[in-house]
Amino acid sequence: MQIYKVGGAVRDRLLGKPVTDIDWVVVGATTEEMLAKGFRPVGADFPVFLHPKSGEEYALARTERKSGRGYGGFTFHASPEVTLEEDLIRRDLTINAMAEDDQQNLTDPYHGQRDLEARLLRHVSPAFAEDPLRVLRVARFAARYAGLGFTVAPETLELMRQLSESGELEALTAERSWKEISRALMEDQPQVFIQVLRECGALKVLMPEVDALFGVPQPEAHHPEIDTGVHTLSVLEQAARHKQSLTVRWACLLHDLGKGLTPKEEWPRHIAHEHKGLKLIKAVNERFKAPKDCQELALLVGEYHTHGHRALELKPSTLLELLQSFDVYRRPQRFEEFIAACEMDARGRKGLEQRSYPQADYLRGAATAARSIAVQPLLERGFKGPELGEAIKRERLKALKTYKEQA
Ligand code: CTP
């Protein structure tokens with residue numbers, strides 16, 4: 001049997017990037033031979049094994065043919081006769097379809113190295129279309145390597161467009177899509193992920209609520225970039241630049257969905273878009289079964305981001321309601337993430353990327369003031385049950401009044 005390093009490990013070594021996990025392909029072997037060498041099978045009828053020591057994945061060279069819709073619709077053909085070239089041709093991108101032996105000799109029948117140099121994400125063959133998840137993968141790689149100058153080859157974008165129009169994307173499971181989306185959002189330029197999905201028509205299928213923001217104007221005084229879609233991309237760009245968490249990035253992407261619902265006659269104003277957007281945020285959250293913390297923050301940021309921007313003008317009672325809505329007493333970190341998302345929203349505007357955001361410290365100070373109220377003295381004064389709750393609220397409000405006067 002011959003063993004080759006394949007996929008991302010070869011690509012990233014040639015790019016001079018750190019290699020994290022290594023995939024191997026094994027040519028000329030049978031399942032029985034692998035088991036005899038101590039490899040552990042990953043699944044019952046999937047020709048992939050784990051190395052007994054390193055735990056790395058070793059796959060038998062295989063050809064793959066699509067036999068139906070969705071991810072289940074695959075038949076595999078793995079046998080010792082399948083060549084390395086046959087295995088590589090079924091892969092997604094030329095830059096992912098190179099193999100390397102233990103002497104670092106490269107097998108590159110589909111010119112991955114040429115495309116690495118040309119900074120092109122290009123599909124290997126029409127077999128690309130056999131897994132619609134690849135539309136998201138290409139957009140994710142575009143987000144990851146945009147900084148190096150990579151773009152999607154026009155013929156690949158065209159194939160992605162056809163796949164998006166074919167209805168195949170709808171067959172993807174929430175779990176597979178979310179895995180790609182969440183990884184893409186954590187890349188250096190997550191806005192490129194959304195941009196590429198939009199260019200090939202996949203955004204309209206996957207997140208029509210986000211797609212609908214393009215072409216929707218906002219008042220120029222607050223939004224020199226005017227377009228709501230462009231603004232959303234900039235907010236995401238800022239979130240990545242400031243190394244924000246996945247929860248914050250997800251909230252950034254969805255914060256303005258309500259603006260897509262404003263009747264044209266009301267443009268460029270978007271009265272009550274915060275509230276109107278909630279049902280859309282909920283729909284997107286549920287479509288991809290986003291983790292609970294992502295879902296929660298996206299809804300809270302959607303509802304309250306304008307409060308964040310207006311923090312310094314808010315009445316103490318409104319500030320208190322805001323803090324209560326976030327349950328800042330038990331969940332201080334979530335409020336920090338809200339502040340971060342608001343700040344990214346404020347900076348994700350043309351020419352305003354460097355602006356200061358005094359609202360952030362003001363909100364932090366307000367949270368500290370409200371949290372400084374001790375319960376013990378109120379208990380000692382005999383408050384209990386709902387009355388205790390009211391008394392705590394009154395004390396917090398008093399603290400916030402003092403805070404506002406002194407700020
Ligand atoms: N692959 C593919 N189509 C997919 C998934 C994977 O063709 N839908 C192939 C590609 O050749 C890829 C390899 O399998 O390089 C390994 O896949 P994976 O580990 O998911 O990706 P990597 O390319 O290693 O990329 P990453 O750095 O994102 O892990």
Side-chain angles (χ1 to χ4, degrees), residues 1-66 71 74-131 133-134 137-138 140-141 144-145 148 150 153 156 179-180 183:
M1 65 176 79
Q2 302 106 48
I3 298 179
Y4 301 89
K5 210 179 263 183
V6 277
V10 181
R11 175 198 69 218
D12 287 340
R13 187 185 70 74
L14 292 172
L15 279 174
K17 296 250 165 198
V19 172
T20 42
D21 48 47
I22 305 180
D23 292 311
W24 305 86
V25 70
V26 184
V27 179
T30 59
T31 295
E32 293 68 31
E33 285 170 290
M34 297 300 283
L35 296 176
K37 282 185 181 293
F39 283 87
R40 296 192 306 273
V42 164
D45 37 43
F46 205 66
V48 179
F49 303 84
L50 299 179
H51 190 279
K53 292 220 178 73
S54 70
E56 286 167 353
E57 276 194 12
Y58 285 67
L60 294 187
R62 66 178 187 256
T63 56
E64 243 165 50
R65 205 147 291 126
K66 199 166 166 57
Y71 193 49
F74 275 109
T75 50
F76 296 103
H77 170 68
S79 88
E81 285 77 46
V82 175
T83 64
L84 184 57
E85 286 73 12
E86 284 171 333
D87 179 277
L88 295 175
I89 202 170
R90 66 168 174 85
R91 292 174 182 265
D92 53 2
L93 296 173
T94 60
I95 63 165
N96 289 341
M98 295 182 275
E100 205 173 77
D101 65 15
D102 56 2
Q103 307 293 313
Q104 287 197 349
N105 294 312
L106 201 65
T107 302
D108 180 18
Y110 310 109
H111 309 296
Q113 203 168 18
R114 190 186 62 195
D115 286 339
L116 271 185
E117 273 154 29
R119 303 304 201 219
L120 274 179
L121 303 170
R122 191 203 304 275
H123 66 285
V124 179
S125 78
F128 179 91
E130 296 191 350
D131 182 4
L133 190 74
R134 288 171 171 173
R137 277 175 64 89
V138 174
R140 170 165 68 79
F141 285 119
R144 183 190 296 176
Y145 298 127
L148 296 177
F150 275 83
T156 302
K179 207 166 156 210
E180 288 301 323
R183 289 186 74 186

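By convention here, the first residue in the shown sequence is residue 1. Hydrogens, waters and symmetry mates are skipped; everything else that's a heavy atom, side chains included, is used. No experiment lies behind these values; they were computed from the predicted model shown.
Residue R40 comes nearest to P52 through the heavy atom pair NH1-O, 3.7 Å, listed as atom of the first residue, atom of the second, then distance. Here the closest heavy-atom approach between residue V19 and residue I22 is recorded as CG1-CG1, 4.0 Å. Among all heavy-atom pairs drawn from V26 and M1, the shortest one is CG1-SD, 3.7 Å. Shortest non-hydrogen contact noted between D87 and R62 is OD2-N, 3.0 Å. Between A97 and V124, the shortest heavy-atom contact is CB-CG2, 3.8 Å. Residues V48 and A59 share a closest heavy-atom pair of CG2-CB, 4.0 Å.
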- prompt: What do the steps show when you test I95 against F141 for side chain to side chain contact (heavy atoms under 4.5 Å, CB included), and what is the final call?
  reply: CA-CA 11 Å; I95 63 165; F141 285 119; 5.7 Å; no
Evaluate the criterion side chain to side chain contact (heavy atoms under 4.5 Å, CB included) for residue pair K5 and R13; output intermediate values, then yes/no. CA-CA 11 Å; K5 210 179 263 183; R13 187 185 70 74; 5.5 Å; no
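Residue R134 holds its CZ atom at 11.5 Å from OG1 of T156, rounded to the nearest 0.5 Å. Here the straight-line distance linking atom CD of E100 with atom CG of D108 works out to 11.0 Å at 0.5 Å rounding. Put simply, CZ on R183 and CZ on R144 are 5.5 Å apart, with the number rounded to the nearest 0.5 Å. The CZ atom of F150 lies 5.0 Å from the CG atom of L116; values are rounded to the nearest 0.5 Å. The distance from atom CG of L35 to atom CZ of F49, rounded to the nearest 0.5 Å, is 5.5 Å. Atoms CG and CD, on D102 and Q2 in that order, are 11.0 Å from each other to the nearest 0.5 Å.
Under the rule for a ring pair (Phe, Tyr, Trp, His ring centres under 6.0 Å), the partners of F39 that lie at least two apart in sequence or sit in another chain are H51, Y58. Under the rule for a side chain to side chain donor-acceptor pair (under 3.5 Å), the partners of N96 that lie at least two apart in sequence or sit in another chain are R11, D92.
Under the side-chain contact (heavy atoms from CB on, under 4.5 Å) rule, L60 has a single partner from P80, S79, P47, which is P47.
At a threshold of 4.5 Å between non-hydrogen side-chain atoms, the residues E56 and D21 do not count as touching. Within the 4.5 Å cutoff, the side chain of E57 has no heavy atoms near those of the W24 side chain. Residues R137 and D131 form no side-chain contact, since every pair of their non-hydrogen atoms from C-beta on lies 4.5 Å or further apart.
In this structure a side-chain-to-backbone donor-acceptor pair under 3.5 Å is missing from E117 to R114. Under the 3.5 Å distance criterion, the side-chain polar atoms of T94 are left unmatched by any main-chain donor or acceptor of Y110.
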